[in-house]
Amino acid sequence: MKILVPVKRVIDFNVKVRVKGDGSGVDLANVKMSMNPFDEVAVEEALRLKEAGVADEIVVVSIGVKQAQDVLRTAMAMGADRAILVVAADDVHQDIEPLAVAKILAAVAKEEQPGLIIAGKQAIDNDMNATGQMLAALLGWGQATFASEVKIEDGKARVTREVDGGLQVIEVKLPAIITADLRLNEPRYASLPNIMKAKKKPLDEKTPADYGVDVTPRLTAVKTSEPPVRKAGVKVASVDELVTKLKETGVI
Amino acid sequence: MDFGLSDEQRMIVETTRAFVETELMPHELEVERSGVLRDELRLELQGKAIEAGLYAANMPEEVGGAGLDTLSWLLYEKELGKTSYALHWNTVCRPSNILMACEGEQRDRYLLPAVRGERHDCQALTEPGAGSDLRGMKTSARADGDDFILNGTKHFISHADTADFAIVWVATGEEDSPRGRRALITAFLVDKGTPGFTVREGYRNVSHRGYPNSILEFDDCRLPKGQILGELHKGFEVAGQWLGATRLQVASTCLGRAERALALATEYAAQRRQFGQQIGKFQGVSFKLADMATELKAAELLTREAAWKYDQGTVTEADMAMAKLKATEALAMIADEAIQIHGGMGLMDELPLERIWRDARVERIWEGTSEIQRHIISREMLRPLGG
């Protein structure tokens, strides 16, 4: 079975995010970018399925700027077999919207015929949490989102989902889409010998036009602003003082 | 000219950094306070390093290493250098490159087990009477039939306590040279447990807690000639051919530590408030940061250029000496100023600065003192003019 894993290049989770001066978005110039952490989990899950003999090939695909080949190389250094880069933007600030991404991925899936697609449940940059679901709808496949455990048997995926207040176990027929939650696994380090080998693995470059998809944005960002700065608190000496202060400020 | 990193180099840095931050740094305080890297912890971390594919990265692919070029290897050394010697050297082992000179069954007994992490080596050159002047070594081997009999003492030998065998350089004769008689040197592989070979505890010192040095004693230690690494009398030649860019390795380790100290100092200058403002707003602090960053960058560029030239086969002794000199001196300055910016807090062991400051001292001494490096640089300048 072939597994397709879409990966996104996003601002690194360690970076202190700054809003651009004109409020049009987050400043990404000269900022460290990395693979979306949820996608790393998805790659790891695919690798484990391959090691368990369930899958025989892992194809990673990224849609965005040319520099997204970074994250594809990283995925191949972790162990993915080959990569497809769909260059859909010139400017790192131009985000490709979930519907366009899902349409391109659907076209890639038709070409590649994977038995399973594992994606991150969302990207940490704009938290849309939409691509996996849209892709399932476009392909007419089953979806199992927010996976914290995956078992493949008899042409079905048995997936434990993290839902409000507990866990839900569902079964979906393959081919299907699974979106990964953080607790699904702990991604491995790309080993040095594998990093060196990744250089020789194939990376195909495509454009949205190759798949007949229009990536023109449909959404307009009206304003981006930083979260309000938390005001300094006060120290209190006793419970009585605490209660008095809380009353004064109208909290109780 | 391209000063950027390739995809592979970027990934090597990321993997090594992640390993150092998650697996090694959490144990720093324990090692510093106890002065010991527990055997159990050492073996556990070694297992993790092997599993993570970070082990023996300095060795070529054909013997099971990562086959990195010099620049990539040094980027990896820089990341490892951010933590203490005890934690990176004894866990993410890099067998001596000189083991590539092993021939025949030596490969199966020494080289390959070292790459797999089953056996560990140490190198013994320095003697109480032979530091910068290595050819003045007194430890000697005399032929006795097909065997050699070693006598003498080596000291300051790093990680000999955990090593399974030593690569030992000894005098095996003399020859005439334009500057008078000089010793002929031969390298031997000596297993621990060989009769007449003793490893004793070395000196307590200011740097590198948990990474002890040892004293090696040879008392009529008999070795068959098959233990010679390379050829008889060609000990320095085999070192020259295989030892690799060890001075650049020292430089890279220093860059890693200096980068960590500078990052801590920068963060502190932005957070700490005195007299109603961030201390980084005071010129006394901000100019320090600027000078530290400039020194670090200069040292890093020298090291990278030397590494690049090493792979092109155009590096000179002076190139490597300049990188080693600059990086070790930059670390000393940056570690000192980082503590100054932190004030009293910089001296407390809750922060890694006091360790970085202590550990920095040896870097200007081992692998050739700063004075020897200056000698090498100036010699290369003056020699063409008959100097």
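Convention: sequence-line order gives letters A, B, ...; per-chain numbering from 1.
Using a distance-only test at 3.5 Å, with no hydrogens or angles considered, no donor-acceptor pair links the side chain of Lys288(B) to the main chain of Ile341(B).
In this structure, the portion of Tyr76(B) lying under 4.5 Å from any heavy atom of chain A is its side chain and not its backbone. For chain B, no part of Arg188(A) is nearby; none of its heavy atoms comes within less than 4.5 Å.
Of the listed residues (Glu23(B), Glu51(B), Glu61(B)), the greatest number of heavy-atom pairs within a distance under 4.5 Å of chain A belongs to Glu23(B).
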So Phe38(A) and Lys8(A), side-chain contact (heavy atoms from CB on, under 4.5 Å) or not? Walk me through it. CA-CA 9 Å; Phe38(A) 291 101; Lys8(A) 186 175 184 185; over 6 Å; no
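In summary, the side chains of His27(B) and Arg42(B) do not present any donor paired with an acceptor at a separation below 3.5 Å, with no hydrogens or angles considered.
Across all non-hydrogen atoms, the minimal contact from Tyr211(B) to Ser158(B) is OH-CB, 3.3 Å.
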